[in-house]
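Position 1 is the first residue of the sequence, and the numbers go up from there. None of these values were measured; they are calculated from a predicted model.
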Amino acid sequence: MDATSGVGSGRTAAPAWLAACLAAGAGNQIARGMGPGRVLLALVMIALGLRGLLFGDFAGIWQRIPIAHLPAHDFFVYLAALVELATGAGMLVPRVAKAAAGLLSVFALLWMVLLKFPAVIYAPAMEATWLGAGEIAAILAGAWIVFASLAKPDGHFFAGRRGIRNARLLFVLALPTIGLSHYFYADITAGFVPAWLPWRHGWAYLTGAGSLATALAILFAAWPRLAAVLEAAMLGVITLLVWLPPLLAHAHDTDAWSAFLMSGAIAAGAAAVADSYRGIGWTARGPHH
């Protein structure tokens, strides 16, 4: 073997190793059942659908349509709400859970590409535009995980073990946009921290670091199950501490509902990703589990 072939084999070995790390535990039979992440994602989508039907509008800045006077506005509002409600309910019914998760994945993908990517293209240097896309990508990753886990294990890009691996990669790419926003917008993030907690900027930096560490842990299969569960728990705590109090104080405010439920959807997407690791140990490391 000459030096050139050695370099070439090294270049192919690294991506293969990373792919194996991302696929750790993927397709395990234990993870195919209805886990807490899938249930939480389903319940949040049901709640988002009901919110849309009751308030008759989109879910705040997360569904902001870049058209001042959208033709057939009400039609699209209620269509989105019905899709959210139907996919959420469907994921709780074993016979249609796969189809429901697939539809939710397509819905979230369109949501991300049509509503978030234009902002990224228009202002790529603004971290907030990446954050918006990353938040929807986290929800998409969770729905994709549910679909892939219910599909045939030998599926291709979207289904089975490969689908789970690719959905985890999407989640890995989404997490830095969330984590880095805590540093780019430290003052704003610290302002969301409850006033009764000390060291508010510290919490902003710590939670941002948590998302970055989770991305690395999943990418390199370094205690990926523990990392994914902790990330989902952290996002869930943030939802409860930051967005629940305004909702309780302003229960008739559509924006309060939107913020709470969208934050919950991001946490639920992370929880669904964590579900896919249920077949391996909490402290398992490396690609071969």
Side-chain angles (χ1 to χ4, degrees), residues 41-42 44-91 98-148 157-159 163 166-178 180-181 184 235 254-255 257-270 272-273:
L41 182 60
V44 172
M45 296 312 300
I46 291 172
L48 274 170
L50 292 175
R51 190 216 63 83
L53 294 175
L54 290 173
F55 287 102
D57 63 5
F58 292 108
I61 62 171
W62 288 273
Q63 286 182 328
R64 178 168 291 168
I65 307 297
I67 301 175
H69 302 287
L70 178 69
H73 174 273
D74 290 349
F75 168 78
F76 287 109
V77 165
Y78 290 114
L79 177 62
L82 288 173
V83 170
E84 291 164 348
L85 181 59
T87 55
M91 285 193 293
K98 176 186 170 185
L103 178 57
L104 178 57
S105 299
V106 173
F107 177 72
L109 178 62
L110 291 174
W111 187 356
M112 181 176 68
V113 171
L114 297 179
L115 300 186
K116 300 302 177 182
F117 278 8
V120 171
I121 295 171
Y122 180 76
M126 183 182 296
E127 205 281 338
T129 63
W130 292 94
L131 170 62
E135 289 174 332
I136 307 306
I139 301 172
L140 169 58
W144 188 356
I145 285 281
V146 175
F147 171 79
F157 186 88
F158 295 104
N166 295 331
R168 288 173 177 172
L169 176 59
L170 177 63
F171 188 61
V172 165
L173 295 175
L175 285 177
T177 70
I178 298 173
L180 289 174
S181 70
F184 277 84
L235 294 174
T254 179
D255 290 336
W257 278 102
S258 297
F260 175 73
L261 290 176
M262 285 307 307
S263 181
I266 298 166
V273 173

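Looking at heavy atoms from C-beta onward, Leu53 lies in side-chain contact with Leu82 at the 4.5 angstrom threshold. Looking at Met45 and Val83, their side chains never come closer than 4.5 Å, going by heavy atoms from C-beta outward. Side-chain contact between Leu104 and Leu41 is present, with heavy atoms from C-beta onward closer than 4.5 Å.
In terms of heavy-atom proximity, Ala101 sits nearest to Met91 at N-CG, 4.0 Å. Closest approach of Phe117 to Ala133, counting heavy atoms only: CE1-CB, 4.1 Å. Ala268 and Val44 get closest at one heavy-atom pair: CB-CG2, 4.4 Å. Pairing each heavy atom of Val120 with each of Thr129, the nearest pair is CG2-O, 3.5 Å. Closest heavy-atom contact between Leu48 and Ala59: CD2-CB, 4.3 Å. Residues Gly56 and Val77 approach most closely at C-CG1, 3.4 Å, considering heavy atoms.
Lys116 contributes atom NZ, which lies 14.0 Å from atom CD1 of Ile121 (distance to the nearest 0.5 angstrom). Interatomic distance, Leu110 CG to Ser105 OG, rounded to the nearest 0.5 Å: 11.0 Å. If you take CG on Leu109 and CH2 on Trp144, they are separated by 8.5 Å, rounding to the nearest 0.5 Å. For the atom pair Ile266 CD1 and Leu235 CG, the distance stands at 7.5 Å (nearest 0.5 Å).
Ser263 contributes no side-chain N or O that, together with a main-chain N or O of Phe260, makes up a donor-acceptor pair within less than 3.5 Å. Between the side chain of Arg51 and the backbone N or O of Asp57 there is at least one donor-acceptor pair closer than 3.5 Å. For the pair Trp130 (side chain) and Pro124 (backbone), a donor-acceptor distance under 3.5 Å is present. For the pair Thr254 (side chain) and Phe55 (backbone), a donor-acceptor distance under 3.5 Å is absent.
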Exercise. What do the steps show when you test Ile136 against Met262 for side-chain contact (heavy atoms from CB on, under 4.5 Å), and what is the final call?
Worked result: CA-CA 9 Å; Ile136 307 306; Met262 285 307 307; 4.2 Å; yes
Exercise. For Glu127 and Thr177, what are the C-alpha separation, side-chain angles and deciding distance, and is it a side-chain contact (heavy atoms from CB on, under 4.5 Å)?
Worked result: CA-CA 7 Å; Glu127 205 281 338; Thr177 70; 4.2 Å; yes
Which donor-acceptor pairs under 3.5 Å do the side chains of residues 166-175 make with protein atoms, sequence neighbours left out?
| from | atom 1 | to | atom 2 | distance (Å) |
| --- | --- | --- | --- | --- |
| Asn166 | ND2 | Phe157 | O | 2.9 |
| Asn166 | ND2 | Arg162 | O | 3.1 |
| Arg168 | NE | Ser276 | OG | 3.2 |
| Arg168 | NE | Tyr277 | OH | 3.4 |
| Arg168 | NH1 | Leu22 | O | 2.7 |
| Arg168 | NH1 | Ala24 | O | 2.8 |
| Arg168 | NH2 | Ala24 | O | 3.3 |
| Arg168 | NH2 | Ser276 | O | 2.9 |
| Arg168 | NH2 | Ser276 | OG | 3.1 |

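Note on ring orientation: taking the six-membered ring where Trp is involved, the planes of Phe58 and His73 are perpendicular (angle over 60°, cut-offs 30° and 60°).
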